[in-house]
Protein chains: 2
Amino acid sequence: MNHHPTTFCPAYRAIGVLQEKWVLHIVRALLSGNRGFNELARMVGGCNSATLTQRLEQLETLGIISKATDAEVTGKLARSIYSLTTAGRELQGVIDAIDAWGRAHLAEDPAGDLAAVDGCGGSEAAPVADSPDPGVTPLTRV
Amino acid sequence: MNHHPTTFCPAYRAIGVLQEKWVLHIVRALLSGNRGFNELARMVGGCNSATLTQRLEQLETLGIISKATDAEVTGKLARSIYSLTTAGRELQGVIDAIDAWGRAHLAEDPAGDLAAVDGCGGSEAAPVADSPDPGVTPLTRV
DNA sequence: CTCAAGGGGTTTAAAATGTCAAGTAGTGTG
DNA sequence: CACACTACTTGACATTTTAAACCCCTTGAG
């Protein structure tokens with residue numbers, strides 16, 4: 001990240017974080033509930049394990065997501081569960097804004113490549129500015 | 001772009017567009033006024049001509065920005081001027097959301113690399129925790 | 001005229017980054 | 001036992017981004 005000093009500001013940095021590949025996708029997937037590794041990989045669709053692992057680590061370091069290894073639920077299986085931190089959950093507003101913009105401006109206009117198929121089984125009817133209470137079950141902290 | 005079909009939606013596509021390197025920076029710079037090429041490069045800070053040219057072309061194709069060659073203003077100099085289209089201007093909401101989030105969560109916390117030095121060349125008067133004013137975020141004026 | 005400076009790019013190879021196919025290790029199922 | 005599932009790791013490979021140089025063109029100063 002080589003942001004030159006004279007133009008620095010929190011927003012600049014925020015963009016630097018959010019513009020990294022898959023980050024927004026991961027956050028979006030996590031906004032709809034906590035997920036395991038492979039589950040996340042499937043939802044994000046197109047990201048491989050290596051990249052996903054890397055992104056997940058970065059996001060954890062940044063305090064956007066947290067990883068919990070719930071070693072109790074299924075006995076001894078070490079299933080990792082990723083969830084958003086408070087900071088991460090507040091990205092809902094960003095996702096909503098992107099979502100709204102996307103629907104308004106490239107809903108059925110695949111100038112590039114791909115045709116829209118249907119609403120993505122997630123944040124439909126997401127009016128901007130809802131109270132950030134996804135009501136996710138808090139799980140074992142790591 | 002390899003978006004797998006089962007999860008596709010406008011938002012997914014929007015993320016795909018906005019997550020490309022420099023795109024958000026470019027939009028942010030352009031939200032504060034129309035810019036020439038080198039001017040834009042300086043504002044964005046860190047992007048080189050090659051990449052900038054490429055991004056600018058992509059964004060133009062996507063209908064987010066438009067390029068005008070005003071051959072009149074300075075006589076015969078072919079100065080290119082980039083500006084946002086309507087669709088592009090509506091990204092204001094996204095930028096605002098990112099901006100607000102950045103101020104709230106990584107204002108002075110460079111866990112990664114870089115120390116915050118000052119307000120970015122213009123967005124002072126940044127009242128922390130302000131309501132996401134949909135009007136105009138004060139950025140660098142022209 | 002010549003030189004430096006600014007605007008608007010393009011071209012190059014190299015570095016950074018992302019991706020893929022496998023493989024590892026533990027568990028649970030048929 | 002063989003195979004599918006979990007969560008990763010590894011090393012080769014592909015793509016993207018980068019700096020630096022170079023190109024053209026205009027203006028202003030000396």
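Keep in mind that the numbers below use all heavy atoms, side chains included, and drop hydrogens, waters and symmetry copies. Below, read A as the first sequence line, B as the second, and so on, with proteins coming before strands; counting in each chain starts at 1.
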**Asked** What integer distance in Å separates B:Asn48:CG from D:dT16:C1'?
**Response** 11 Å
**Request:** Just jot down the side chain to side chain donor-acceptor pair (under 3.5 Å) partners of B:Glu90, sequence neighbours excluded, or say none.
**Result:** A:His105
**Request:** Rounded off to whole Å, could you give me the CD-to-P distance for the B:Gln19 and D:dT16 pair?
**Result:** 11 Å
**Request:** Would you indicate what A:Ser80 reaches in the nucleic acid, counting non-hydrogen atoms under 4.0 angstrom: base, sugar-phosphate, or nothing?
**Result:** sugar-phosphate
**Toward the 5' end of DNA chain C, by each residue's nearest nucleotide, A:Thr51 or B:Ser49** = B:Ser49
**Request:** Apply side chain to side chain contact (heavy atoms under 4.5 Å, CB included) to A:Thr53 and A:Glu57, showing your working.
**Result:** CA-CA 6 Å; A:Thr53 301; A:Glu57 275 167 13; 3.7 Å; yes
**Request:** Take the protein atom CZ of B:Arg42 and the nucleotide atom C1' of C:dG6, then report the distance between them rounded to whole Å.
**Result:** 8 Å
**A:Trp22 side chain near C:dT19 phosphate (N/O to OP1/OP2, under 4.0 Å)** = yes
**Prompt:** Any side-chain N or O of A:Tyr82 less than 4.0 Å from the OP1 or OP2 oxygen of D:dC8?
**Reply:** yes
**Prompt:** Sequence neighbours excluded, which residues qualify as side-chain contact (heavy atoms from CB on, under 4.5 Å) partners of A:Asn38?
**Reply:** A:Arg42
**Asked** Between atom CG in B:Leu52 and atom P in C:dG9, what is the gap in whole Å?
**Response** 9 Å
**Prompt:** Where the side chain of A:Glu57 is defined as all heavy atoms beyond and including C-beta, which of D:dA7, D:dT9, C:dG9 is the nearest nucleotide?
**Reply:** D:dT9
**Asked** Should B:Arg55 be listed as having a side-chain N or O under 4.0 Å from OP1 or OP2 of D:dT17?
**Response** yes
**Request:** Measure the distance from CG on A:Asn38 to P on C:dT24 and round it to the nearest whole Å.
**Result:** 18 Å
**Asked** In whole angstrom, what separates B:Gln54's CD from C:dT12's P?
**Response** 15 Å
**Fill in**
CD1 of A:Ile64 to CD1 of A:Ile26, rounded to nearest 0.5 Å, is 10.0 Å
**Message:** Using the rule given for salt bridge (Lys or Arg N to Asp or Glu O under 4.0 Å), can you reason through A:Arg79 versus A:Glu39, listing the C-alpha separation, both sets of side-chain angles and the distance that settles it, and then say yes or no?
**Reply:** CA-CA 11 Å; A:Arg79 178 171 152 84; A:Glu39 193 179 7; 3.2 Å; yes
**Asked** Where each residue is assigned the nucleotide of DNA chain D containing its nearest heavy atom, which of A:Lys21 and A:Ala50 is assigned the position nearer the 5′ end?
**Response** A:Ala50
**Item:** Side chain of A:Thr53 (C-beta onward), nearest among C:dG9, D:dA19, D:dC8
**Value:** D:dC8
**Request:** Would you mind reading off the distance between A:Leu40 atom CG and D:dC5 atom C1', rounded to a whole angstrom?
**Result:** 17 Å
**Request:** In whole angstrom, give the distance that lies between atom CG of B:Leu56 and atom C1' of C:dG8.
**Result:** 11 Å
